[in-house]
Amino acid sequence: MTAKIAYDDVEVGTELPAQTFPVTRATLVQYAGASGDFNPIHWNERFAKEVGLPDVIAHGMFTMAEAIRVVTDWVGDPGAVVEYGVRFTKPVVVPDDDKGARIEVSGKVAAKLEDNAVRVDLTAVSGGQKVLGMARAVVRLA
């Protein structure tokens with residue numbers, strides 16, 4: 001695959017289509033099975049509260065993976081991501097109900113770099129709180 005977005009077609013300030021990702025307890029169980037991360041803070045409400053959390057929380061790497069989907073869906077090629085990093089600022093709290101939680105992610109081209117690359121800054125919010133800080137990806141465009 002190659003990036004479907006051309007470097008010459010974007011400017012600093014170009015906004016990526018925002019997306020909202022639902023997270024339920026079932027999602028967390030599926031992710032735990034796929035990742036091998038069975039830490040009880042991600043599935044056991046009693047344990048999560050005993051260690052001082054408000055409820056079960058989503059895996060940090062799951063949250064990070066959902067956020068980068070805004071970039072990979074926009075560029076059309078996950079292999080176009082050259083760098084990606086975040087700081088975890090708040091947990092995504094996932095209640096045990098029919099709705100679960102939502103992660104709202106938006107992105108904007110923050111810089112045009114050399115070699116057809118751009119830096120995209122991401123904002124990820126859940127429950128009205130920013131859950132990722134310094135979320136940045138460098139992406140090589142066509």
Side-chain angles (χ1 to χ4, degrees), residues 1-45 47-49 51-142:
M1 295 178 76
T2 59
K4 66 179 181 181
I5 304 293
Y7 181 81
D8 293 335
D9 292 341
V10 299
E11 298 297 330
V12 170
T14 298
E15 293 188 17
L16 284 61
Q19 295 187 52
T20 300
F21 303 100
V23 187
T24 64
R25 296 279 179 95
T27 308
L28 300 182
V29 170
Q30 291 168 338
Y31 183 82
S35 69
D37 182 352
F38 293 100
N39 187 323
I41 64 173
H42 303 304
W43 57 270
N44 184 317
E45 184 174 333
F47 183 84
K49 289 182 176 182
V51 298
L53 294 168
D55 207 331
V56 165
I57 63 170
H59 303 74
M61 296 303 286
F62 172 82
T63 304
M64 188 177 176
E66 291 292 77
I68 196 66
R69 287 176 56 190
V70 168
V71 176
T72 59
D73 288 354
W74 172 68
V75 77
D77 178 9
V81 177
V82 177
E83 292 178 32
Y84 179 45
V86 306
R87 290 194 179 146
F88 301 106
T89 56
K90 297 282 183 185
V92 174
V93 178
V94 183
D96 188 14
D97 60 19
D98 294 335
K99 295 190 302 186
R102 300 171 76 71
I103 304 170
E104 301 166 2
V105 183
S106 60
K108 185 184 295 189
V109 174
K112 290 185 84 168
L113 310 171
E114 295 179 359
D115 200 22
N116 284 10
V118 297
R119 189 186 88 217
V120 175
D121 290 353
L122 297 167
T123 301
V125 175
S126 183
Q129 295 189 318
K130 192 173 178 181
V131 295
L132 298 177
M134 300 294 291
R136 296 180 172 171
V138 174
V139 185
R140 185 156 294 115
L141 303 179

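The structure displayed is predicted, hence computed values, not measured ones.
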Q.
I need the L16 CG to I5 CD1 distance, nearest 0.5 Å.
A. 8.0 Å
**Q.** NE2-CG distance between H42 and L53, expressed to the nearest 0.5 angstrom
**A.** 9.0 Å
Q: Please work out whether the ring planes of F62 and Y31 are parallel, tilted or perpendicular, with thresholds of 30° and 60°.
A: perpendicular
Q) Once you round to the nearest 0.5 Å, how far does OG of S126 lie from CD of E104? A) 7.5 Å
Q.
Give me each pair satisfying salt bridge (charged side-chain N to carboxylate O under 4.0 Å, His left out) with a member in residues 81-94, each pair once, sequence neighbours excluded.
A. none
(Q) With a 4.5 Å cut-off on side-chain heavy atoms, are L132 and F88 touching? (A) yes
Q) Which heavy atom in T24 sits nearest to a heavy atom in K99, and how many Å separate them? A) CG2-O, 4.4 Å
Q) If you take all heavy atoms of A110 and V12, which pair is closest and at what distance? A) O-CG1, 3.6 Å
Q) side-chain contact (heavy atoms from CB on, under 4.5 Å) between L122 and V105: does it pass, once the steps are laid out? A) CA-CA 7 Å; L122 297 167; V105 183; 4.3 Å; yes
(Q) Restricting to non-hydrogen atoms, name the atom on A117 and the atom on Y7 that form the minimum distance, rounded to 0.1 Å. (A) O-CE1, 3.2 Å
Q: Taking all heavy atoms of P17 and all of V70, pick out the closest pair and write down the distance.
A: O-CG1, 3.6 Å
**Q.** Whether K108 side chain and T123 backbone form a donor-acceptor pair below 3.5 Å
**A.** no
Q: For side-chain contact (heavy atoms from CB on, under 4.5 Å), just list the numbers for V120 and W74, CA-CA rounded to whole Å, side-chain angles, deciding distance to a tenth of an Å, and then say yes or no.
A: CA-CA 11 Å; V120 175; W74 172 68; 4.3 Å; yes
**Q.** Under 3.5 Å donor-acceptor, T89 side chain and K130 backbone
**A.** yes
Q.
Quick check for you: to the nearest 0.5 Å, what is the distance between D55 atom CG and I41 atom CD1?
A. 11.5 Å
Q: Please step through side-chain contact (heavy atoms from CB on, under 4.5 Å) for the pair V92 and F21, ending with a clear verdict.
A: CA-CA 12 Å; V92 174; F21 303 100; over 6 Å; no
Q | Spacing of CD belonging to E11 relative to NZ belonging to K112, to within rounding of 0.5 Å | A | 4.5 Å
Q) Which heavy atom in A58 sits nearest to a heavy atom in T63, and how many Å separate them? A) CB-OG1, 4.0 Å
Q. Rounded to the nearest 0.5 Å, what separation is found between the CG atom of N116 and the CG atom of D8?
A. 7.0 Å
Q | Shortest non-hydrogen contact from L113 toward R119 | A | CD1-N, 4.1 Å
**Q.** side chain to side chain donor-acceptor pair (under 3.5 Å) against D115, all qualifying residues, sequence neighbours excluded
**A.** R140
Q) Are the side chain of W43 and the backbone of F38 linked by a donor-acceptor contact shorter than 3.5 Å? A) yes
